[in-house]
A.B. asks: 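Got a structure for you, questions after.
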Amino acid sequence: MDQWTQDSEFEAQESQFKPLNAQEAQAWRQRNPQLSVGRLIASQCVVTLLVALVAWLIAGAAAGRSAGYGGLAILLPTVVFARALGRQATHAGAAIARLFGWELVKLVLCIAMLAAAPKLVPDLSWLALLVGLIVVMKTYWVALLVRSSVQKPIDI
(Lines give C-alpha, C1' and ligand atoms only; values in the text may rest on other atoms or scores of the structure.)
Protein backbone atom coordinates (compact mmCIF):
# COMPACT_ATOMS: atom_id res chain seq x y z
CA MET A 1 0.00 0.00 0.00
CA ASP A 2 1.45 3.37 -0.94
CA GLN A 3 1.63 6.46 1.24
CA TRP A 4 -1.21 8.27 -0.59
CA THR A 5 -3.64 5.38 0.03
CA GLN A 6 -2.71 5.23 3.71
CA ASP A 7 -3.16 8.98 4.08
CA SER A 8 -6.57 8.96 2.41
CA GLU A 9 -7.75 6.06 4.60
CA PHE A 10 -6.56 7.87 7.72
CA GLU A 11 -8.34 11.07 6.64
CA ALA A 12 -11.55 9.10 6.01
CA GLN A 13 -11.40 7.61 9.49
CA GLU A 14 -10.54 10.98 10.99
CA SER A 15 -13.52 12.66 9.29
CA GLN A 16 -15.86 10.04 10.83
CA PHE A 17 -14.61 10.82 14.34
CA LYS A 18 -17.07 12.89 16.33
CA PRO A 19 -16.05 14.16 19.77
CA LEU A 20 -18.53 13.61 22.57
CA ASN A 21 -20.19 16.53 24.27
CA ALA A 22 -20.28 16.71 28.09
CA GLN A 23 -23.61 14.87 28.42
CA GLU A 24 -22.58 12.09 26.02
CA ALA A 25 -19.27 11.66 27.81
CA GLN A 26 -21.04 11.46 31.19
CA ALA A 27 -23.50 8.88 29.83
CA TRP A 28 -20.62 6.83 28.37
CA ARG A 29 -18.79 6.89 31.74
CA GLN A 30 -21.94 5.67 33.51
CA ARG A 31 -22.34 2.79 31.03
CA ASN A 32 -18.63 1.89 31.18
CA PRO A 33 -17.25 2.51 34.68
CA GLN A 34 -13.60 1.72 35.34
CA LEU A 35 -12.78 -1.60 36.92
CA SER A 36 -11.32 -0.81 40.33
CA VAL A 37 -7.88 -2.32 40.95
CA GLY A 38 -8.67 -2.46 44.65
CA ARG A 39 -11.82 -4.49 44.03
CA LEU A 40 -9.96 -6.83 41.74
CA ILE A 41 -7.27 -7.44 44.36
CA ALA A 42 -9.92 -7.88 47.05
CA SER A 43 -11.71 -10.43 44.87
CA GLN A 44 -8.41 -12.27 44.38
CA CYS A 45 -7.95 -12.36 48.17
CA VAL A 46 -11.41 -13.83 48.61
CA VAL A 47 -10.84 -16.38 45.84
CA THR A 48 -7.47 -17.35 47.38
CA LEU A 49 -9.15 -18.00 50.72
CA LEU A 50 -12.01 -19.91 49.10
CA VAL A 51 -9.79 -22.15 46.98
CA ALA A 52 -7.62 -22.92 50.01
CA LEU A 53 -10.69 -23.73 52.11
CA VAL A 54 -12.22 -25.96 49.43
CA ALA A 55 -8.92 -27.79 48.92
CA TRP A 56 -8.59 -28.19 52.69
CA LEU A 57 -12.10 -29.66 52.96
CA ILE A 58 -11.68 -31.98 49.96
CA ALA A 59 -8.10 -33.19 50.29
CA GLY A 60 -6.80 -32.15 53.70
CA ALA A 61 -4.56 -29.58 55.32
CA ALA A 62 -1.56 -30.08 53.01
CA ALA A 63 -3.70 -29.47 49.92
CA GLY A 64 -5.29 -26.41 51.54
CA ARG A 65 -1.89 -24.90 52.34
CA SER A 66 -0.64 -25.70 48.85
CA ALA A 67 -3.67 -24.18 47.12
CA GLY A 68 -3.47 -21.09 49.33
CA TYR A 69 0.21 -20.68 48.53
CA GLY A 70 -0.56 -21.05 44.81
CA GLY A 71 -3.08 -18.23 45.13
CA LEU A 72 -0.54 -16.12 47.01
CA ALA A 73 1.99 -16.71 44.22
CA ILE A 74 -0.37 -14.71 42.00
CA LEU A 75 -1.85 -12.33 44.57
CA LEU A 76 1.35 -10.89 46.07
CA PRO A 77 3.01 -10.06 42.71
CA THR A 78 -0.27 -8.47 41.62
CA VAL A 79 -0.30 -6.26 44.70
CA VAL A 80 3.31 -5.19 44.05
CA PHE A 81 2.49 -4.50 40.38
CA ALA A 82 -0.64 -2.47 41.17
CA ARG A 83 1.10 -0.45 43.85
CA ALA A 84 4.04 0.36 41.58
CA LEU A 85 1.85 1.42 38.68
CA GLY A 86 -0.39 3.53 40.88
CA ARG A 87 2.11 6.38 40.61
CA GLN A 88 1.78 8.82 37.74
CA ALA A 89 4.26 8.78 34.85
CA THR A 90 5.49 11.99 33.25
CA HIS A 91 4.86 10.95 29.63
CA ALA A 92 3.59 8.00 27.61
CA GLY A 93 7.02 6.51 26.87
CA ALA A 94 7.87 6.41 30.56
CA ALA A 95 4.49 4.87 31.37
CA ILE A 96 4.99 2.05 28.85
CA ALA A 97 8.52 1.40 30.08
CA ARG A 98 7.28 1.24 33.68
CA LEU A 99 4.45 -1.08 32.68
CA PHE A 100 6.80 -3.56 31.02
CA GLY A 101 9.41 -3.25 33.77
CA TRP A 102 6.95 -3.92 36.56
CA GLU A 103 5.33 -6.74 34.58
CA LEU A 104 8.79 -8.35 34.46
CA VAL A 105 9.17 -7.85 38.22
CA LYS A 106 5.74 -9.44 38.73
CA LEU A 107 6.69 -12.45 36.62
CA VAL A 108 10.06 -12.94 38.34
CA LEU A 109 8.44 -12.65 41.79
CA CYS A 110 5.83 -15.26 40.86
CA ILE A 111 8.50 -17.66 39.57
CA ALA A 112 10.62 -17.10 42.70
CA MET A 113 7.64 -17.88 44.91
CA LEU A 114 6.96 -21.08 42.97
CA ALA A 115 10.62 -22.09 43.20
CA ALA A 116 10.56 -21.51 46.98
CA ALA A 117 7.32 -23.46 47.47
CA PRO A 118 8.95 -26.85 48.31
CA LYS A 119 10.90 -25.23 51.16
CA LEU A 120 8.08 -23.01 52.45
CA VAL A 121 5.04 -25.31 52.25
CA PRO A 122 5.16 -28.50 54.30
CA ASP A 123 3.88 -31.60 52.44
CA LEU A 124 3.52 -29.60 49.24
CA SER A 125 0.89 -30.81 46.78
CA TRP A 126 1.87 -29.46 43.36
CA LEU A 127 -1.57 -30.25 41.94
CA ALA A 128 -3.33 -28.21 44.63
CA LEU A 129 -0.77 -25.40 44.23
CA LEU A 130 -1.40 -25.25 40.48
CA VAL A 131 -5.17 -25.32 40.99
CA GLY A 132 -4.92 -22.39 43.42
CA LEU A 133 -2.61 -20.51 41.08
CA ILE A 134 -4.85 -20.98 38.03
CA VAL A 135 -8.12 -20.21 39.81
CA VAL A 136 -6.77 -16.98 41.30
CA MET A 137 -5.16 -16.01 37.98
CA LYS A 138 -8.49 -16.41 36.18
CA THR A 139 -10.18 -14.04 38.63
CA TYR A 140 -9.25 -11.21 36.22
CA TRP A 141 -11.35 -12.72 33.46
CA VAL A 142 -14.29 -13.50 35.70
CA ALA A 143 -14.27 -9.93 37.01
CA LEU A 144 -14.21 -8.56 33.46
CA LEU A 145 -17.00 -10.87 32.32
CA VAL A 146 -19.18 -10.06 35.32
CA ARG A 147 -18.56 -6.35 34.86
CA SER A 148 -19.37 -6.56 31.14
CA SER A 149 -22.61 -8.47 31.64
CA VAL A 150 -23.78 -6.22 34.48
CA GLN A 151 -22.94 -2.88 32.89
CA LYS A 152 -24.34 -3.39 29.37
CA PRO A 153 -28.03 -2.55 29.05
CA ILE A 154 -30.16 -4.88 26.95
CA ASP A 155 -31.78 -3.14 24.02
CA ILE A 156 -35.20 -4.51 23.15
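Just the heavy atoms: all of them, side chains too, but no hydrogens, waters or symmetry mates, feed the values below. We number each residue from 1, following the sequence as shown.
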A.B. asks: Look up atom CD1 in I58 and atom CG in L53, then write down how far apart they are to the nearest 0.5 Å.
C.D. replies: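 It comes to 9.5 Å.
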A.B. asks: Decide whether M113 and W126 are clustered together by the hydrophobic rule: side chain heavy atoms of Ile, Leu, Val, Met, Phe, Trp, Tyr closer than 4.5 Å, transitively.
C.D. replies: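 Shared cluster, yes.
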A.B. asks: Taking only distance into account, with no hydrogens and no angle test, what donor-acceptor pairs under 3.5 Å do side-chain atoms of residues 73-82 form with protein atoms, sequence neighbours excluded?
C.D. replies:
from: T78; atom 1: OG1; to: I74; atom 2: O; distance (Å): 2.7
from: T78; atom 1: OG1; to: Y140; atom 2: OH; distance (Å): 3.3

A.B. asks: Show the numbers, then the answer: is there a side-chain contact (heavy atoms from CB on, under 4.5 Å) between S43 and L40?
C.D. replies: CA-CA 5 Å; S43 66; L40 181 63; 4.0 Å; yes
A.B. asks: Could you measure the distance from the CZ atom of R98 to the CD1 atom of I96? Nearest 0.5 Å is fine.
C.D. replies: 11.0 Å
A.B. asks: Does L49 belong to the same Ile/Leu/Val/Met/Phe/Trp/Tyr cluster as V51, with side-chain heavy atoms less than 4.5 Å apart forming each link?
C.D. replies: no
A.B. asks: How far apart are the C-alpha atoms of L50 and V135, what are their side-chain angles, what is the distance that settles it, and do they pass the side-chain contact (heavy atoms from CB on, under 4.5 Å) test?
C.D. replies: CA-CA 10 Å; L50 286 176; V135 169; over 6 Å; no
A.B. asks: Return the OG1 to CD1 distance between T48 and I41, rounded to the nearest 0.5 Å.
C.D. replies: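 The CD1 atom of I41 is 11.0 Å from OG1 of T48, to the nearest 0.5 Å.
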A.B. asks: Please say yes or no: joined through hydrophobic side-chain contacts below 4.5 Å, possibly via intermediate residues, are V37 and L72 part of one cluster?
C.D. replies: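 As far as the 4.5 Å side-chain criterion goes, L72 and V37 are connected within one cluster.
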A.B. asks: Out of curiosity, does V54 fall in the hydrophobic cluster containing L133 (side-chain heavy atoms, cut-off under 4.5 Å, transitive links)?
C.D. replies: no
A.B. asks: Shortest non-hydrogen contact from A63 to A55?
C.D. replies: O-CB, 3.7 Å
A.B. asks: Grab the two heavy atoms, one from L129 and one from A117, that are nearest each other, plus how far apart they are.
C.D. replies: CD1-CB, 3.9 Å
A.B. asks: By side chain to side chain contact (heavy atoms under 4.5 Å, CB included), which residues pair with V121, not counting sequence neighbours?
C.D. replies: R65, S66, Y69, L124
A.B. asks: For E24, which residues count as a side chain to side chain donor-acceptor pair (under 3.5 Å) partner, sequence neighbours excluded?
C.D. replies: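 Partners of E24 under the side chain to side chain donor-acceptor pair (under 3.5 Å) test: K18.
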A.B. asks: More than 12 heavy atoms of other residues, nucleotides or ligands under 6.0 Å from CG of N21: yes or no?
C.D. replies: yes
A.B. asks: Spell out, yes or no, whether W102 and L107 are grouped together once hydrophobic residues are joined by side-chain heavy atoms under 4.5 Å, including indirect joins.
C.D. replies: no
